[in-house]
Amino acid sequence: MRTPNQITVDRALLLYVLQLAEPYDGMSDVKLQQLCFLCELQTFAKGLKAFHFEFFRFAYGAFLSVGKGGSKISRSRIR
């Protein structure tokens with residue numbers, strides 16, 4: 001379970017990622033989730049803490065968990 005502080009950090013970083021990805025039209029839900037996964041992976045490798053999302057491994061890549069207090073990204077892409 002994420003703390004309120006972690007949720008605030010996640011939302012601020014997500015807004016920043018969306019701002020950086022805005023010039024690239026056609027950013028689908030899946031691409032956005034994969035971008036967040038790669039951002040978290042890179043920051044984790046550098047020993048930093050950034051995103052606090054939970055990812056699940058599926059046949060087509062990593063996806064954000066969508067649950068209580070989770071992301072508002074469409075569930076239809078996950079199924």
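- The hydrophobic cluster containing L41 also contains L13, counting ILVMFWY residues as joined when their side-chain heavy atoms lie under 4.5 angstrom apart, directly or transitively.
- The two atoms that bring H52 and V9 nearest to each other are CE1-CG1, 4.2 Å, heavy atoms only.
- At least one side-chain heavy atom of R11 sits less than 4.5 Å from a side-chain heavy atom of I7.
- Judged as a side chain to side chain contact (heavy atoms under 4.5 Å, CB included), and not counting sequence neighbours, the contacts of L18 are L14, L32.
- For Q42, the side chain to side chain contact (heavy atoms under 4.5 Å, CB included) criterion is met by no residue, not counting sequence neighbours.
- Nearest heavy-atom pair across V17 and C39 is CG2-SG, 4.3 Å.
- For the atom pair F44 CZ and K49 NZ, the distance stands at 9.0 Å (nearest 0.5 Å).
- The two residues A21 and L35 come nearest to each other via the heavy atoms CB-CD2, 4.3 Å.
- In this structure, the side chains of F53 and D10 come closer than 4.5 Å at one or more pairs of heavy atoms.
- With rounding to the nearest 0.5 angstrom, the CD atom of E54 is 10.0 Å from the CD atom of E40.
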